[in-house]
Amino acid sequence: RYLSLLAGFPMCQVDEDYHDELERAGAPSVSKQCVKCKEATAAVVIRVGDTFCRGCFKEYFIHKFRAMLGKNRIIFPGEKVLLAVSGGPSSCSMLSQVQEGLSQNAHKKLRFSPGIVFIDEGGAVGQSAEERRRTAAELEAVFKATGFPFHIVPLEKVLDLPSKVLMAAPSPSEQPAGAYKTAVGHFLQSSSSSSSCVTQQEEKESSLPDVQESSTPLLQRLMASVETLTAREDLLSTLRQHLLVHTARSEGYSKLMLGDSCTRLAVKLLSSISLGRGAQLAQDTGFSDSRFGDVTLVRPMRDYSAKEIAFYNRLFSVPSVSIPSLDTKAPEKASIQRLTESFVIKLQADFPSTVSTIYRSVPNLPELNRTFYNPRPCCSVCAYTSFNGVFWVRTCDEQAAVRYRAPETADVRTLLCYSCQLTIKDMVSQSPCTAAGSALLFPKSTQEEKRKHVLVQVCCPLFRELVEK
């Protein structure tokens, strides 16, 4: 039976020529016309079937930013908002959108008062003083062009932060349902009665960061005390966040706007799970994060992919400054964060829905209610909810079932979340003593005392107070 079936097909010949070129499969055709106006020639292809001309792409990009802010209604009219600009494409694009929304010819103007902050991390990545001054000067020129007040803060200032930066300040009382519309009405009345626009602020120029020479070696010793790049990046992210929140509080800002894109949040989601921060994903990747109470973190760029941001910055000449980071020129397996980023970007190149699929899982993540955990609900380093010393019992009344139990021992690890425990555990002594003296001072059996020495001698006061408890 099978031989009769094969008889109908031509058989291969030994002397048959196979050197003819194979026919290549044609690439999928993409419309050369804008899908929105149906008239102009397409200039940007975001996805297959989403082709935009220059004008329609700008309108689409601006509308997405306004819709994200308008849908959540967290930023009230007249509120002071601090924009965290790192110099990268995403944060600079966010700054451009705010500047566009406050311009005179904007269709629907933004109604908050913006400011800018830049954290100079050159001391942590090994930049020289001249390179740091050059970078700060480039960013200062970009900030001055916006007319917004700006602050250039060196990362060394985190060494002098008080421990109260980790404590959630009393947050404003929850607003009623119609509070936003009422605030808009009051804002419009006050703006129409006054001759000057509310968004036009007196420009407050911040001089280039004056870093004390003694602070940079301390910061470098702190970063060098962490052995792996994974823990080093996690520690740097924590210190940067504390300094941003402290700057917002000291300057009177109630909102802190971050420039995390959809691609960045997808990478952060997967890497956070690998680092043991799974319970913090809703706060780490959501639109808003209110764990600090009086300062709320906002991510209006979370709907934009890195490709969309790159196209917009290229087409409309949005300035950005290239600044090296800890993982610059590092191999893809150097850290968990770097490996996750490489994995997501490579997968996105072959499967364009990768980032969006990961991103769509964020709204399904539950956010923990901090009021369930008393009297000490948070990690003493990253300020996230910690499950150490917590009894978790599933009953009908979850609020009555979840209770915090104070640590019975003086172990530092009981005050930290799981991920921060791994970071602190990765620290080693970087004291200036010799290797022989270090061996005598820190025997191999006293690893806890070894880490405690690093925290007390090198870290900022919030770490010092942590280990002195």
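Since the model is a prediction, treat every value here as computed from it, not as a measurement. Quick note: numbers below take in every heavy atom, side chains included, and nothing from hydrogens, waters or symmetry partners.
Side-chain atoms of V298 and L258, non-hydrogen and from C-beta on, never get closer than 4.5 Å to each other. Looking at heavy atoms from C-beta onward, E341 lies out of side-chain contact with E332 at the 4.5 angstrom threshold. Inter-residue side-chain proximity for F292 and L256 is flagged as unmet; no heavy-atom pair is nearer than 4.5 Å. Two residues are said to be in side-chain contact when any heavy atoms from C-beta on lie closer than 4.5 Å; T247 and Y253 fail this criterion. Side-chain contact between K346 and D350: absent, with no pair of heavy atoms (C-beta onward) separated by less than 4.5 Å. Here the side chains of I74 and F287 are in contact, with some heavy-atom distance below 4.5 Å. Taking 4.5 Å as the limit, every side-chain heavy atom of E79 sits out of range of all side-chain heavy atoms of S113. Side-chain atoms of F57 and I46, non-hydrogen and from C-beta on, do get closer than 4.5 Å to each other.
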task = Check the pair T340 / K268 against side chain to side chain contact (heavy atoms under 4.5 Å, CB included), numbers first and verdict last.
result = CA-CA 8 Å; T340 306; K268 192 174 184 179; over 6 Å; no

query = How far apart are the C-alpha atoms of L155 and D120, what are their side-chain angles, what is the distance that settles it, and do they pass the side chain to side chain contact (heavy atoms under 4.5 Å, CB included) test?
reply = CA-CA 6 Å; L155 186 64; D120 180 15; over 6 Å; no

request  = Test V45 against F52 for side chain to side chain contact (heavy atoms under 4.5 Å, CB included), laying out the working first.
outcome  = CA-CA 7 Å; V45 181; F52 294 95; over 6 Å; no

task = Applying side chain to side chain donor-acceptor pair (under 3.5 Å), run through S271 and Q337 and close with a yes or a no.
result = CA-CA 6 Å; S271 60; Q337 296 92 334; 6.0 Å; no

request  = Kindly indicate, with the supporting measurements, whether the criterion side chain to side chain contact (heavy atoms under 4.5 Å, CB included) is fulfilled by V295 and K255.
outcome  = CA-CA 5 Å; V295 177; K255 298 293 187 299; over 6 Å; no

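Interatomic distance, K157 NZ to I119 CD1, rounded to the nearest 0.5 Å: 9.5 Å. To the nearest 0.5 Å, atom CG of residue L422 and atom CG of residue L275 are 8.0 Å apart. In this structure, the separation between CG on L69 and CE on M257 is 5.5 Å, given to the nearest 0.5 Å.
Not less than 6.0 angstrom separates the ring centroid of F61 from the ring centroid of F311. You'll find the ring centres of F118 and F150 outside the 6.0 Å limit.
Geometrically, K64 engages Y304 in a cation-pi contact, judged by NZ or CZ lying under 6.0 Å from the ring centre and within 45° of the ring axis.
The two atoms that bring T216 and G123 nearest to each other are CG2-CA, 4.3 Å, heavy atoms only.
In this model, no donor atom of one side chain and acceptor atom of the other lie less than 3.5 Å apart for R277 and Y418. In summary, the side chains of Y60 and E308 do present a donor paired with an acceptor at a separation below 3.5 Å, with no hydrogens or angles considered.
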Taking distance alone, no hydrogens or angles, what donor-acceptor pairs closer than 3.5 Å link side-chain atoms of residues 315-325 to residues at least two apart or in another chain?
unit_1 : atom_1 : unit_2 : atom_2 : d
S325   : OG     : D327   : OD1    : 2.6
S325   : OG     : T328   : OG1    : 3.3

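With respect to the salt-bridge test (charged N to carboxylate O, under 4.0 angstrom), the residues R133 and E130 qualify.
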